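We use all heavy atoms of the structure for the numbers below, so side chains are in, but hydrogens, waters and symmetry mates are not. Everything quoted here is computed from the prediction, not taken from an experiment. A, B, ... follow the sequence lines: proteins, then strands. Residue 1 opens every chain.
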Number of protein chains: 2
Amino acid sequence: MAHSEDLRQAGLKTTLPRLKVLSILESSKVRHMSAEDVYKILLGEDESIGLATVYRVLTQFEDAGLVIRHNFEGDRAVFELNDEDHHDHMVCVSCGGVIEFIDQRIEELQDKVAHDHDFGIQDHSLTLYGICKKCKARAS
Amino acid sequence: MAHSEDLRQAGLKTTLPRLKVLSILESSKVRHMSAEDVYKILLGEDESIGLATVYRVLTQFEDAGLVIRHNFEGDRAVFELNDEDHHDHMVCVSCGGVIEFIDQRIEELQDKVAHDHDFGIQDHSLTLYGICKKCKARAS
DNA sequence: GTATATGCAAAACTTTTGCATCCTT
DNA sequence: AAGGATGCAAAAGTTTTGCATATAC
């Protein structure tokens, strides 16, 4: 369960919507959730929190570094908790599942490429698209 | 200038809107364009082609493999000609400029990661975000 | 001539914003 | 008490769709 301190450390006032949204992100089995996903869970919990507030809270969380926003599909953004443990993603185009991975050599090579172009890298996004293990097995 | 054969090879009938859009993508100085960007150029050329048609044509081009759709910013998609010559991108968060690059070792490592996870990779997207050389110079 | 493509307007969707009210400190 | 946060509804922005008309082959 989310604590007030988490929010205060992020420079945000403790409010019910913020606690609830953070709590949902922390306890969800699915790590990457859209604003609508979070909102639906709130509805199911009979919380009268508006979708606009969910968007506002998620954006504040992003600015505060609590969550990371992804645009995997392009239509709707998804958010995941920022556990300070950087990783990249594999997205299954069949089931929508997301697998996280990290490859230190790829990270280093990215920095090298940026450096070679005199590009001040601040962030990066690497996503592989394809068919996950489970879906491959099901299809065969 | 775009030719009818390019479209026929892609399995698309030759129509004025398709030729025009392909032509614009080929001749544009800016390689990555949104549907709106293409539409504005058409307006400037006094072509009465609707924005809806631009979207339809670009989507058909994507399905046919003629162009690649990117969701760099998340709000609006941009399209670039698919020259069969894969590359990744650096996006300058200051001026919006896009620099293309390719690093064969990164490509290989991606395939290896996918293989290690028994993930049937079909495509990938790697984008570095930061400050380009020019903007860095301007800021200092 | 027939099937497909287009234009226009309207709809669908995601995300943002204005404003009165409510809550946190 | 004062400033910030929220809810609701409306707006904004992008992309898609329905349908009558026009076009390609």
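In the set dT6(C), dC25(D), dT15(C), dC25(D) carries the atom at the smallest distance from any side-chain atom of Thr14(B). When each of dT6(D), dT17(C), dT6(C) is scored by its nearest atom to the side-chain atoms of Ala52(A), the top-ranked nucleotide is dT17(C).
Atom P of nucleotide dG7(D) and atom CD1 of Ile49(A) are separated by 6 Å, given to the nearest angstrom. Taking atom CZ of Arg56(A) as the reference point, atom C1' of dG7(D) lies 8 Å away to the nearest angstrom. Per the geometry, CZ belonging to Arg8(B) stands 14 Å off P belonging to dA5(C), to the nearest Å. As a whole-Å value, the separation of Leu7(B) CG from dT6(C) P is 10 Å. For the pair Leu12(B) CG and dA3(C) P, the computed distance is 19 Å after rounding to whole Å. Atom P of nucleotide dT14(D) and atom NE2 of His70(B) are separated by 19 Å, given to the nearest angstrom. In this structure, the CD atom of Glu36(A) is 14 Å from the P atom of dT16(C), given to the nearest Å. Across the protein-nucleic acid pair, Asp75(A) atom CG and dT17(D) atom P stand 12 Å apart, rounded to whole Å.
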Can I get a per-line list of side-chain donor-acceptor pairs under 3.5 Å for residues 127-138 of chain A, giving both atom names and the distance, sequence neighbours left out?
from, atom 1, to, atom 2, distance (Å)
Tyr129(A), OH, Phe72(A), O, 3.0
Lys136(A), NZ, Asp118(B), OD1, 2.7

Distance-only donor-acceptor hits, side chain of residues 35-57 of chain A, under 3.5 Å, sequence neighbours excluded:
from, atom 1, to, atom 2, distance (Å)
Asp37(A), OD1, Ser34(A), OG, 3.3
Asp37(A), OD2, Ser34(A), N, 2.9
Asp37(A), OD2, Ser34(A), OG, 3.1

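Note on Ala77(A): only backbone sugar-phosphate atoms sit closer than 4.0 angstrom, heavy atoms only; bases stay farther off. At a threshold of 4.0 angstrom between heavy atoms, the contacts of Ser48(A) are confined to the sugar-phosphate backbone, with no base atom among them.
Phosphate proximity of dA5(D) to Thr53(A): absent, as no side-chain N or O sits under 4.0 Å from OP1 or OP2. The shortest distance between the side-chain N/O atoms of Thr15(B) and the OP1/OP2 oxygens of dT6(C) is below 4.0 Å. When the side-chain nitrogen and oxygen atoms of Tyr55(B) are compared with OP1 and OP2 of dT15(D), one or more of them lie within a distance under 4.0 Å. Side-chain N/O atoms of Arg76(A) include none lying less than 4.0 angstrom from OP1 or OP2 on dC13(C).
Side-chain atoms of Glu80(A) and His87(A) form a donor-acceptor pair, as typed in the model, at a separation below 3.5 Å. Side-chain contact check for Glu100(A) and His86(A): no donor-acceptor pair (N or O, by modelled atom type) lies under 3.5 Å.
Along DNA chain D, the nucleotide closest to Leu51(B) and the one closest to Leu16(B) are compared, and the more 5′ of them pairs with Leu51(B). For Ala35(B) and Gly50(A), each mapped to the nucleotide of DNA chain D holding its nearest heavy atom, the one lying further toward the 5' end belongs to Gly50(A).
Of the residues in residues 37-44 of chain B, none has a non-hydrogen atom less than 4.0 angstrom from any atom of DNA chain C.
For the atom pair CD of Glu73(B) and CG of Asn71(A), the computed distance is 9.0 Å after rounding to the nearest 0.5 Å. Distance CG/Leu109(A) to CD/Gln110(B): 10.5 Å, rounded to 0.5 Å. The CG atom of Leu12(B) sits 10.0 Å away from the CG atom of Leu22(B) when rounded to the nearest 0.5 Å.
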Pair His124(A)-His89(B), ring pair (Phe, Tyr, Trp, His ring centres under 6.0 Å): steps then yes or no: CA-CA 10 Å; His124(A) 75 259; His89(B) 300 87; over 10 Å; no

